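To keep things clear, I will list the structure first and then write my remarks on it.
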Amino acid sequence: MKYQKPKGTADIMPDQSSKWQYVEETARKLFEKYCYQEVRTPIFEKFEVFSRTSGETSDIVTKEMYDFYDKGDRHITLRPEGTAGVVRAFVENKLYGPEIQKPVKTYYMGPMFRYERPQSGRLREFHQIGVEAFGVDNPALDVEVMAMAINLLKQFGLTSLKLAVNTLGDDESRQAYRQALVDYLTPFENELSDDSKERLKKNPLRILDSKDSNDQKIVEKAPSILDYLTPQAHARFETIKELLSVLDIDYVVDSNMVRGLDYYNHTIFEIMSADDAFGGKWTTICAGGRYNKLVKELGGPETPGIGFGLGVERLLLVIENQSLPIAKKLDVYVVGIGEQTSTESLKLVQTLRNQGFVAERDYLDRKPKGQFKTASKLAAQYTLTIGESELVEKTANLKNMQTGTEKKVTLADVYQDFALLINSITEE
RNA sequence: GCGGUAGUGGCGAAGUGGUUAACGCACCGGAUUGUGGCUCCGGCACGCGUGGGUUCGAUUCCCACCUACCGCCCCA
């Protein structure tokens, strides 16, 4: 093979694209019910947009960014996630202005890039559908966002979902907790996995979701963030849980859940699926949270925000086996017998299309048998056959492919109103 | 970045250090001057991921690389 797609990328071919369209369309419709509007931001941004917001020491920034210097020596990076770019656009376009109604509810969908080893449900170019809402700190919005995410997944027919929620509290809570955690873990430092030893210095919270079994044992008895919340942060989290219950949304509190990005505070959540597609393991397909300092970080006024990102490839893995309501339909297949019918066939399909039908024809001058076979395979409702004699008589042979009944019709009638002919053959 | 498995026609899949690389599906043509199923016949790999090497000779042995898949890190 001379040319191959770059490592970790995928071609979405015609047999797949309808699924993508269905997913995107469904998301758009749902988001608009909640009054979210689409924003489209650049695929690449200045490196600092992500390094500032994701955390200088986060893995995403230190090893997973697709960055490069352009011809103007600008440090550019392909976006690894959607939030930072949307926040940048929010600030740059001054949507924080008083004349703009809050919350500003936005959604986006598109490719993201991370330089990592591809594996199941993880590509270097992958796609996310996400939402971001700015300007409101009300916990009701947190819950509405989670409810919307769940609704979306349910619309795709996903069952066996798990909503895990946690809070990172405010700055004060988080700092107090971080200290407590480090104090607890330091005596165990030598027992921790090599990865976690590193994390102890860089990002101790990450040790909480280590997959190393020994780490997990140590973490079991570690202090919980929930015990270090300030009264306000605590009250906020209680409200969140209460509102989830009011909406009858099942959830579990996972106080060990953390985020890969540094900008979150207060509410964070993940929606996981244990579908067969993931070998029965709980796998996160949607994750999000609140980020009240991000807008300020990117130069805007202090403005609260909350959002989530949904991994489209992972979602597709789950709905792969389901039959989606995607109907390919073909109304008429025009069978032309002999080269000299090609012109009339062209006029026929064009006329039918103009009349609103989905029409196709043969372009290879194949034998009738082959053409009918194709019509059958394409699930054509009707065929319209013309040969030399029909050409002379200015007629065509209309056939209902389901019943097999045939009828001679005039071309004039077809050009006039094909729907009428369909009715007549159906009635007989 | 680390570890493991794999790479033969459009797809699935045998195979061997040595003349013409099985078979199945799909596709195309014919039997049936113009009709969807079945059956029968025929066609369909400038060649076995790429590049080197060993050898009289390699798809088959060795090395490197590429890619895919699985796991780790991390994450959607």
Side-chain angles (χ1 to χ4, degrees), chain A residues 1-10 13 15 54-55 57-65 80-83 109-130 149 153 193-196 198-199 202-203 206 209-212 215 257-261 270-273 278-279 281 283-288 307-318 333 335-338 341 362 364-380 382-391 396-406:
Chain A
M1 212 128 3
K2 193 138 191 185
Y3 296 108
Q4 291 175 288
K5 59 189 176 306
K7 187 187 183 92
T9 62
M13 300 307 281
D15 57 329
S54 300
T57 62
S58 69
D59 277 14
I60 286 187
V61 171
T62 56
K63 51 183 249 199
E64 292 182 354
M65 293 261 255
E81 55 99 24
T83 304
M109 47 188 71
M112 308 289 164
F113 304 83
R114 284 181 205 173
Y115 193 89
E116 60 184 348
R117 204 61 181 272
Q119 47 186 284
S120 173
R122 308 175 55 173
L123 293 168
R124 288 185 170 181
E125 180 184 23
F126 62 104
H127 298 76
Q128 282 190 351
I129 295 175
L153 294 174
S193 65
D194 290 345
D195 286 326
S196 287
E198 190 62 27
R199 288 190 275 235
K202 277 170 39 182
N203 193 348
R206 286 236 72 100
D209 67 352
S210 170
K211 282 184 190 118
D212 183 274
D215 286 357
M257 182 167 72
V258 295
R259 306 270 63 198
L261 304 165
E270 293 186 3
I271 302 173
M272 292 172 276
S273 161
F278 302 124
K281 277 191 214 156
T283 303
T284 303
I285 55 183
C286 177
F308 68 73
L310 170 78
V312 179
E313 280 81 1
R314 285 189 183 180
L315 173 65
L316 252 14
L317 279 180
V318 180
Y333 190 92
V335 176
I337 301 162
T341 60
D362 172 78
L364 301 172
D365 194 28
R366 292 189 305 151
K367 294 281 157 53
K369 178 180 175 134
Q371 296 192 41
F372 275 91
K373 216 168 154 181
T374 298
S376 189
K377 183 169 280 181
L378 296 176
Y382 300 93
T383 51
L384 207 49
T385 307
I386 50 170
E388 273 181 78
S389 56
E390 286 86 349
L391 222 43
N397 192 36
L398 174 63
K399 176 172 182 178
N400 180 325
M401 292 296 279
Q402 257 139 44
T403 63
T405 52
E406 299 183 49

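Lettering follows sequence order; numbering is per chain, from 1. What you see is a predicted model, and the numbers here were worked out from it, not measured in a lab.
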With rounding to the closest Å, how many angstrom separate the [atom1] atoms on [N] and [M]?
N: U20(B); M: C44(B); atom1: C1'; result: 16 Å
N: G42(B); M: C46(B); atom1: C1'; result: 22 Å
N: G7(B); M: U50(B); atom1: P; result: 13 Å

Pick base, sugar-phosphate or nothing for [X], based on heavy-atom distances below 4.0 Å to the nucleic acid.
X: Ala287(A); answer: sugar-phosphate
X: Ile337(A); answer: base
X: Gly130(A); answer: nothing
X: Thr385(A); answer: base
X: Met112(A); answer: nothing

*Can you tell me the distance, in whole Å, between the CZ atom of Arg117(A) and the C1' atom of C2(B)?*
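Arg117(A) atom CZ is separated from C2(B) atom C1' by 8 Å.
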
*Interatomic distance where CD belongs to Glu64(A) and C1' belongs to A76(B) [whole Å]*: 11 Å

*asked:* Need to verify one output field. Residue with the more 5' nearest nucleotide on RNA chain B, Gly8(A) or Leu123(A)?
replied: Gly8(A)

*Counting only side-chain N and O atoms of Lys367(A), is one of them less than 4.0 Å from OP1 or OP2 of G30(B)?*
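So the side chain of Lys367(A) is within the cut-off, an N or O lying under 4.0 Å from OP1 or OP2 of G30(B).
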
If you only use heavy atoms from C-beta on, which nucleotide in [options] is closest to the side chain of [X]?
X: Pro368(A); options: C66(B), G36(B), G34(B); result: G34(B)
X: Gln119(A); options: G71(B), G34(B), U67(B); result: G71(B)
X: Tyr115(A); options: G1(B), C75(B), G34(B); result: G1(B)
X: Gln128(A); options: G36(B), A76(B), C66(B); result: A76(B)
X: Lys7(A); options: A68(B), A76(B), G34(B); result: A68(B)

_Cation-pi check for Tyr115(A) against Arg124(A): NZ or CZ below 6.0 Å from the six-membered ring centre and within 45 degrees of the axis, yes or no?_
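Positive - Arg124(A) is close enough to the ring of Tyr115(A) and near enough to its axis.
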
Any heavy-atom pair between the side chains of [Y] and [X] that's under 4.5 Å?
X: Met112(A); Y: Pro80(A); value: no
X: Lys399(A); Y: Phe372(A); value: yes
X: Val318(A); Y: Thr283(A); value: no

_side-chain hydrogen bond (donor to acceptor under 3.5 Å, both in side chains) partners of Glu125(A), counting only residues at least two apart_ =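 Result, side-chain hydrogen bond (donor to acceptor under 3.5 Å, both in side chains) vs Glu125(A): none returned.
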
Quiz question: going by heavy-atom distance under 3.5 Å, is there a donor-acceptor pair between the base of [N] and the side chain of [X]?
X: Lys399(A); N: G36(B); value: yes
X: Arg314(A); N: C75(B); value: yes
X: Ser389(A); N: G34(B); value: yes
X: Arg122(A); N: A76(B); value: no
X: Glu116(A); N: A76(B); value: yes
X: Glu390(A); N: G34(B); value: yes

_Pair assignment for G29(B), Watson-Crick or G-U wobble, requiring both distances under 3.5 Å_ =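 Its partner is C41(B).
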
_For C72(B), the Watson-Crick or wobble counterpart (both distances under 3.5 Å)_ =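 Paired with C72(B), as far as the under-3.5 Å criterion goes, is G1(B).
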
_With a 3.5 Å distance limit and no angle check, can you tell me whether Arg122(A) reaches the backbone of Arg117(A) through a side-chain donor-acceptor pair?_
no

